2 protein chains.
Amino acid sequence: MKAAANGSDAKPNLTAEDWARAALEVMAAGGLDAVAVEPLARRLGVTKGSFYWHFPNREALLRAALERWERRETEEVLARVGDEPDPYARIVKVFKEANAGYRSGRLYLAIAAAEDNPLVREFVQRVSERRMQYLVQCYEALGFDATRAQHWARFAYATFMGNLQIRRDTPDLMPGGAPFNEYLKLMIKTLIPRSAADVTPVVEENHPHVVPLRRATDGT
Amino acid sequence: MKAAANGSDAKPNLTAEDWARAALEVMAAGGLDAVAVEPLARRLGVTKGSFYWHFPNREALLRAALERWERRETEEVLARVGDEPDPYARIVKVFKEANAGYRSGRLYLAIAAAEDNPLVREFVQRVSERRMQYLVQCYEALGFDATRAQHWARFAYATFMGNLQIRRDTPDLMPGGAPFNEYLKLMIKTLIPRSAADVTPVVEENHPHVVPLRRATDGT
DNA sequence: CTTGAGCCATACGCCCGCGTATGGTTACAT
DNA sequence: ATGTAACCATACGCGGGCGTATGGCTCAAG
């Protein structure tokens with residue numbers, strides 16, 4: 001039986017991976033419901049006959065697409081950060097890279113929007129938790145205790161996610177070029193203290209013009 | 001022709017508002033595509049016959065629902081902040097209130113997820129820009145210049161939106177109770193400096209912590 | 001009592017996506 | 001050359017949502 005030689009030849013034959021890739025493409029553009037067999041087949045220049053040869057049903061395609069997404073997502077993160085040893089530089093790097101590209105983020109938003117689908121929810125949860133876990137480790141490497149690292153990681157991750165949302169919903173409110181770099185610098189400076197000592201409330205002697213910040217949160 | 005006396009009586013008769021409200025409910029749960037005429041009719045205990053009496057087609061329902069959403073959304077914001085004169089307290093208030101409730105945010109995420117629909121996109125853009133504009137004014141009232149206020153407002157808004165997303169996608173990563181209050185406190189402390197002097201690089205001497213406090217609401 | 005407007009039910013045709021059945025075409029092996 | 005497996009096309013039935021046509025019920029006005 002010889003594995004199908006699905007090289008990059010000029011063979012018009014499709015593979016399951018091709019379908020999964022196409023599924024992710026249309027999903028990024030039109031959401032989960034856009035992943036329909038017949039439209040996808042048209043898009044790929046074939047008919048359903050092809051699809052139901054590679055997959056038993058639509059859900060199998062969904063699963064394949066989500067697996068491809070999860071795989072490439074984690075690979076990407078690891079590729080981004082590389083082997084940066086300094087935790088500060090590591091966070092800066094991952095934050096900048098994450099805010100630079102939009103394709104990946106847009107895809108996440110599209111997938112996460114279908115959280116009612118239990119299959120989707122499962123994948124989104126794993127990917128999201130993995131990202132957060134990574135960030136938490138980074139902040140712990142900066143000297144934060146577990147709780148504070150959790151808070152800062154969540155804070156940074158939320159900011160990143162919100163930026164994605166803003167880019168999608170109101171792109172005119174998200175600057176590009178130099179202003180964006182200024183914005184990025186502000187976020188980095190704010191979200192990534194050089195060490196835990198910079199932010200932990202030092203009750204005794206504190207640095208010059210830091211306002212004590214009255215208790216703003218009262219319990220319910 | 002006599003206007004329909006659609007009072008709040010115990011009349012089992014449905015009104016267009018009832019349909020719009022129901023549309024928003026299912027939209028929060030199942031996204032835009034969940035707003036289907038027949039399922040909605042079943043949910044309301046009637047049939048399509050009723051729907052096509054109140055609306056010419058599905059798009060009209062969408063529009064009505066979105067208008068209701070936009071209206072209540074802006075009302076809600078104004079109601080939240082009340083007449084708080086201090087800009088610092090104002091931001092704190094709106095940020096805390098916004099992060100407290102989840103229903104409203106979940107609805108936003110569901111609606112914004114259907115940004116491919118031009119009608120939806122129009123409403124989402126307006127609502128989102130209005131929120132941002134309000135935040136920008138708050139930060140300007142804190143003493144920031146236009147550019148910096150923009151940056152901080154976007155920063156804060158992104159964080160808020162990201163928190164929503166995290167709550168939806170990975171609720172176990174978003175704490176509740178005391179830890180959440182700690183988290184909130186951290187964000188507020190970080191995102192809302194008491195005055196611009198605390199964060200702007202002091203190029204020339206500036207006044208201590210004086211808040212200019214100029215009116216934040218200007219009519220168009 | 002009759003009329004008419006408001007409100008809804010029923011029934012129909014249409015489109016479109018899912019899944020299946022089945023047949024056709026290409027390529028490779030023997 | 002012939003069988004076989006990979007790959008795809010064609011055709012069908014089904015479900016379900018949209019929109020329309022039309023008829024029934026209710027209540028208030030006259």
Side-chain angles (χ1 to χ4, degrees), chain A residues 1-23 25-27 29-66 114 116-120, chain B residues 1-23 25-27 29-66 114 116-120:
Chain A
M1 43 160 148
K2 189 171 292 189
N6 60 352
S8 50
D9 299 349
K11 178 158 48 170
N13 272 357
L14 295 178
T15 96
E17 276 293 308
D18 293 330
W19 284 94
R21 169 179 25 251
E25 286 172 7
V26 302
M27 183 141 47
L32 181 63
D33 312 282
V35 183
V37 176
E38 285 165 331
L40 261 184
R42 282 194 291 272
R43 180 188 170 90
L44 291 176
V46 293
T47 66
K48 300 193 301 183
S50 170
F51 175 83
Y52 284 100
W53 197 89
H54 297 284
F55 297 93
N57 49 32
R58 179 175 176 268
E59 168 154 353
L61 171 64
L62 255 312
R63 191 180 301 274
L66 289 172
D116 44 298
N117 184 317
L119 186 62
V120 169
Chain B
M1 42 160 130
K2 190 171 297 186
N6 59 352
S8 50
D9 299 348
K11 180 162 44 173
N13 275 356
L14 295 178
T15 95
E17 276 293 308
D18 292 331
W19 284 93
R21 170 178 28 250
E25 285 172 6
V26 302
M27 183 142 41
L32 181 63
D33 312 281
V35 183
V37 175
E38 287 164 331
L40 260 184
R42 284 194 291 272
R43 180 187 170 91
L44 291 176
V46 294
T47 66
K48 298 193 302 182
S50 169
F51 174 82
Y52 284 99
W53 167 254
H54 298 283
F55 298 93
N57 48 33
R58 180 175 175 268
E59 169 155 355
L61 171 64
L62 257 310
R63 190 180 302 273
L66 288 172
D116 44 298
N117 185 317
L119 185 63
V120 169

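Sequence lines set the chain letters: A, B, ... in the order given, protein chains first and strands last, and positions in each chain run from 1. Keep in mind it's a predicted model, so treat the numbers as computed, not measured.
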Quiz prompt | Residue mapping more 5' on DNA chain C - nearest nucleotide basis, A/V35 or B/W19 | solution = B/W19
Could you check which of [options] has an atom nearest any side-chain atom of [X]?
{"X": "B/E38", "options": "C/dG17, D/dG17, D/dC8", "answer": "D/dG17"}
{"X": "A/N13", "options": "C/dT20, D/dA9, D/dC8", "answer": "D/dC8"}
{"X": "A/L14", "options": "D/dC8, D/dG17, C/dC18", "answer": "D/dC8"}
{"X": "A/A36", "options": "D/dC7, D/dG17, C/dC18", "answer": "C/dC18"}
{"X": "A/V46", "options": "C/dT20, D/dA9, D/dC18", "answer": "D/dA9"}

Quiz item: What's the CG-C1' distance between B/L32 and D/dC18, to the nearest Å?
Solution: 15 Å
Self-check item: Nearest-Å distance for atom pair CZ/C1', residues A/F51 and C/dG17
Solution: 12 Å
Quiz item: When you look at B/V37 and B/Y52, which way does the side-chain contact (heavy atoms from CB on, under 4.5 Å) test go after all the steps?
Solution: CA-CA 9 Å; B/V37 175; B/Y52 284 99; 3.9 Å; yes
Exercise. Kindly write out the residues that satisfy side-chain contact (heavy atoms from CB on, under 4.5 Å) with A/A29, not counting sequence neighbours, or none if the list is empty.
Key: none
Practice problem: Go through the structure and list residues passing side-chain contact (heavy atoms from CB on, under 4.5 Å) with B/A36, not counting sequence neighbours. | Solution: B/P39
Quiz item: Are B/W53 and C/dC7 close enough that a side-chain N or O sits under 4.0 Å from OP1 or OP2?
Solution: yes
